[in-house]
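Down below is the structure, laid out as structure tokens.
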Amino acid sequence: MNRDVKSIVSQMTLEEKAGMCSGADFWHLKSVDRLGVPSVMVSDGPHGLRKQDENADHLGINESIKAVCFPAGVLSACSFDRELLHTFGDAIGKEAQANDLSVVLGPAVNIKRSPLCGRNFEYYSEDPYLAGETAAAFINGVQEHHVGTSIKHFAANSQEFNRMSASSNVDERTLREIYFPAFETAVKKAQPYTVMCSYNRLNGTYASEHPWLLTDVLRKEWGFEGYVMSDWGAVNDRVPGLKAGLDLEMPASDGMSDKEIVKAVQDGTLDEAILDQAVERILKILFTYADNREEQEFTMEQDHGLARHIAAESMVLLKNEDNILPLKESEKIAFIGGFAEKPRFQGGGSSHINCFRIDNILDEVKGNPMITYAKGFAADTDVYEEALAAEAIEAAKAADKAVLFLGLPDSFESEGYDRSHMRLPDCQNRLMEEILKVQKNVIVVLHNGSPVELPWADDVKGILEAYLGGQAVGGAVADILFGKVNPSGKLAETFPYRLEDNPSYLAFGDPVDVDYTEGIYVGYRYYDAKHMDVAYPFGYGLSYTTFAYSNLRLDRQKMTEKDTVKVSVDVTNTGDRFGKEVVQLYVSDKTNAARRPLRELKGYEKVALEPGETKTVTMTIDYRSLAWYSTELHDWYAASGEYEILIGASSRDLRLTETLTLKNSTLLPLNVTKNTTMGELLRDPRTAPFLKEWQAKMLSVFAAPEDTPKEEASASEEAISEEMNDAMMISMPLRNLVTFGTCSTAELEKLVEELNRL
């Protein structure tokens, strides 16, 4: 059906238009029955539908419908698999159609600045490229069914403490390189129907009334076409928000915001055209859904199977000493830990799903007489119970292998507050110490939403990171442990040894002004630049087979800013079982034109290989892949020179390297003043020739006269070496040409003018 949205808006009263810009209740948009505008419903949905009645709360105190809980973002991102995420989104889109939901509130792509953020379990990664590619694949899957997504939370929402008022103070380069790209990629590759603005202030201005953020960047630069909605309760001042580009306020404002908008139009402080534009945006998305309703069944059992598949494809094998995994059916195995019986598979807060079914691993192995279970500790507390511990220790002692199911209780991480440490509950670490005294063949399965410290990692033989695996986590873990599925997940975030190692450690969690002092050095960008030892690096993950990389080639060795480069590499399964490998492409800038991370992820592909099979993996990079954000140009910039193209299995496991040379016709703008250093000008090919003469004159000032006695000249050379002269020259501002008598003030002014004309 073709709707003339402008005509519909023109027939609305001022009050009706104002009303369209806020919710009817917690979950519905308002209708205008006389003009055929229906009320539609939105729902939380990053990893499953949380459909509630209009009287239900935001955080989930009231019941929502029975639904399927898929793996949380923290796990699904570890799949490094765009096709899998598209399939995931496709299932969510079908489920939304089956339940008459017009928009699902997700995905959440905020960058994991610190392991402490209480909502990290919803977010994809510390890396903006991976987060953006993952989000775009998911969004495209959902929206193929004319169900909208609401990518969130825009922007720089990386802590929960005081999230509704604190200011994230971030320089523009860091925003552009770290905190914006996941949103930018999603907009350009998937056009989410809506964008959800965050609660926090950005550099002092609330995100909900930030015109540069919501209009200049999001719409004008990136070409976003949908509507911007607020996070629930994120609106500070409604009329300035509308002017800035915030179209829809959620939830209902009890009519207060509607009245403010009407009054502002009537007294001339708000141009009615701005209101009309917001309503048009909302209606276009509303009708996209309403006019494309699909007949869909809510296939929960089928989707439960998909949830299991996604989880198994995403879990990360961190350690497998002596090939202790996979387990064999003939072995006597002790399962220990409350999470085996009651797995933690999702986070707390607005994304919490009311699951129609939950699988634990004990149900999966029921009937196997070789497996015993001892609780050891309760999953929801941090209490060491002697009787439970004693039973677990005996079970471990009597087994060939012990599998401990450890993790974080719900109370340790949730929306609304941040963690205060990275430790597992003390009771779990204490039990581990006791079990290691009687059993050396110990395997750990982790159920957590963010990195944890692992003080016993060197003493156990196997570690499987299951994260928050959704309602089918029990079956997925069993598939990995017993080798039905070969693990292929890779870490989407770094596991540091200690919380104190994190780059944001001294600048995270402030209540008013949160200064992002680490800048672009987030996650592996920091750890790798410092060559710092970490527990497990970004992109890391083991398999039950092995892979060899060979024959790296570029389809061109030299490029301009207009070119793309095809990067190809051969990957061979050198083991004895089917497996999948994530091939990662990193770029390292060797030009020294700007301070850059040591390397940055710019491509990845997942490849499936039978034993002995070789496949060619191909990725494409472009000018943006090489670039950093220049605040002088207000654009992305890559300097002419050499760049290393690195192929590997993690940010620390780099197997192959090729060099690519860029010839960029664009140079950074000249802004020469008397305080510009000679070093800056000598490094620039435009100005270097002009500086050679002045450099020579300046060096002559410091040189000993030709008639200086040999003994005095020798003493002078010892005091002022050639290296010292060179270093001083590089750091010397142009004004020193006058100071040391090399030229006059007038000559200096003329030189500066000439340099700026180049």
Side-chain angles (χ1 to χ4, degrees), residues 71 75-76 78-81 84 304-337 339-340 343 345 359-373 396 399-406 439-447 460-467 469-470 472-491 536 540-548 571-582 606-613 649:
L75 180 60
S76 61
C78 293
S79 70
F80 278 72
D81 191 332
L84 185 71
H304 179 84
L306 176 60
R308 178 173 179 159
H309 174 66
I310 294 169
E313 289 289 309
S314 306
M315 290 178 183
V316 185
L317 183 61
L318 298 179
K319 188 174 184 181
N320 195 23
E321 185 180 327
D322 298 332
N323 291 319
I324 195 168
L325 291 172
L327 300 174
K328 300 176 180 62
E329 298 286 348
S330 59
E331 295 172 321
K332 189 174 182 181
I333 302 165
F335 281 0
I336 296 169
F339 290 108
F345 58 89
D359 289 350
N360 67 38
I361 196 165
L362 299 181
D363 292 334
E364 291 295 319
V365 299
K366 190 179 295 182
N368 186 335
M370 301 298 288
I371 297 176
T372 59
Y373 169 63
D400 297 323
K401 297 176 180 178
V403 183
L404 272 66
F405 295 82
L406 309 181
Q439 176 58 262
K440 299 306 179 185
N441 292 321
V442 174
I443 300 150
V444 174
V445 177
L446 291 170
H447 296 280
V460 303
K461 291 190 175 181
I463 304 175
L464 176 65
E465 178 55 270
Y467 277 123
V473 64
V477 169
D479 289 342
I480 298 288
L481 291 182
F482 288 95
K484 183 178 179 181
V485 174
N486 193 346
S488 61
K490 301 277 189 171
L491 287 179
Y536 300 103
Y540 171 84
L542 301 176
S543 169
Y544 294 151
T545 188
T546 54
F547 302 96
V571 185
T572 303
N573 183 344
T574 54
D576 59 3
R577 65 169 66 208
F578 171 82
K580 297 179 181 180
E581 174 69 331
V582 176
K606 197 166 195 175
V607 58
L609 295 164
E610 296 291 345
E613 184 180 12

Donor + acceptor pair across side chains of [X], [Y] (<3.5 Å):
X: D479; Y: H309; value: no
X: S488; Y: K606; value: yes
X: E329; Y: N368; value: yes

Spatial distance of atom [atom1] ([X]) from atom [atom2] ([Y]) [nearest 0.5 Å]:
X: L327; Y: F482; atom1: CG; atom2: CZ; value: 5.0 Å
X: I463; Y: Y536; atom1: CD1; atom2: OH; value: 3.5 Å
X: I336; Y: L404; atom1: CD1; atom2: CG; value: 5.0 Å
X: E613; Y: T574; atom1: CD; atom2: OG1; value: 13.0 Å
X: L325; Y: K401; atom1: CG; atom2: NZ; value: 6.5 Å
X: F547; Y: L609; atom1: CZ; atom2: CG; value: 6.0 Å

Salt bridge or not between E364 and R308? Use side-chain N to carboxylate O under 4.0 Å.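 Looking at R308 together with E364, the answer is yes, because their closest N to O distance falls below 4.0 Å.
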
Partners meeting ring-ring contact (aromatic ring centres under 6.0 Å, His included) with F405 (sequence neighbours left out):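 In terms of ring-ring contact (aromatic ring centres under 6.0 Å, His included), with neighbours along the sequence ignored, F405 is linked to F335.
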
With no hydrogens and no angle check, is any side-chain donor or acceptor of K490 less than 3.5 Å from a backbone partner on A649?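 Yes, because the side chain of K490 sits within donor-acceptor range (under 3.5 Å) of the backbone of A649.
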
Please step through side-chain contact (heavy atoms from CB on, under 4.5 Å) for the pair L406 and H447, ending with a clear verdict. CA-CA 6 Å; L406 309 181; H447 296 280; over 6 Å; no

